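Because the structure is predicted, anything quoted here is derived from the model rather than measured. If you read the sequence from its start, that first residue is 1, and numbering goes on from there.
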Amino acid sequence: MYSKTLQYLMGHSDIGVTMNTYTHLGLEDALEEVGRMQELENARKEQEKLAGKKEETKVSKRMFRVG
């Protein structure tokens with residue numbers, strides 16, 4: 001949830017109160033975030049790889065011309 005949304009829902013006038021109250025991070029949280037970042041990077045690389053293959057395998061109409 002966005003911190004400003006949480007601030008509004010909880011009725012805090014200052015975002016500092018919200019952040020100090022509801023943000024308790026530990027090593028496990030940081031490791032999870034790094035894992036998510038790695039998954040995104042892997043997906044980006046896969047998309048780039050697939051996009052490169054699509055360009056390499058473009059087929060012209062002449063290849064299928066009969067007669």
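Grouping the Ile, Leu, Val, Met, Phe, Trp and Tyr side chains by contacts below 4.5 angstrom, directly or via other members, places Tyr8 with Met1. In the hydrophobic clustering of this structure, Tyr22 groups with Leu9; members are Ile, Leu, Val, Met, Phe, Trp, Tyr whose side-chain heavy atoms approach within less than 4.5 Å, directly or through other members.
If you check the side chains of Gln38 and Asn42, you find a donor sitting under 3.5 Å from an acceptor.
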**OP:** Please lay out, stage by stage, how Arg36 and Glu39 fare under the test salt bridge (charged side-chain N to carboxylate O under 4.0 Å, His left out).
**Re:** CA-CA 5 Å; Arg36 280 194 292 271; Glu39 288 175 10; over 6 Å; no
**OP:** Could you give me the CA-CA distance, side-chain angles and deciding distance for Lys4 and Ile15, then say whether side-chain contact (heavy atoms from CB on, under 4.5 Å) is met?
**Re:** CA-CA 7 Å; Lys4 292 298 282 184; Ile15 191 66; 3.8 Å; yes
Original post:
Checking salt bridge (charged side-chain N to carboxylate O under 4.0 Å, His left out) for the pair Lys45/Glu48: CA distance, chi angles, key distance, verdict?
Top reply: CA-CA 5 Å; Lys45 286 179 182 178; Glu48 286 178 355; over 6 Å; no
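In terms of modelled atom types and a separation under 3.5 Å, the side chain of Gln7 and the main chain of His12 share a donor-acceptor contact. Between the side chain of Asp29 and the backbone N or O of Gly26, at least one donor-acceptor pair lies under 3.5 Å.
Under the salt bridge (Lys or Arg N to Asp or Glu O under 4.0 Å) criterion, Glu28 pairs with no residue, sequence neighbours left out. Residues that satisfy the side-chain hydrogen bond (donor to acceptor under 3.5 Å, both in side chains) test with Asp14, not counting sequence neighbours, are absent from this structure.
Of all non-hydrogen atoms in Ser3 and Met19, the two that sit nearest each other are CB-SD, 3.5 Å.
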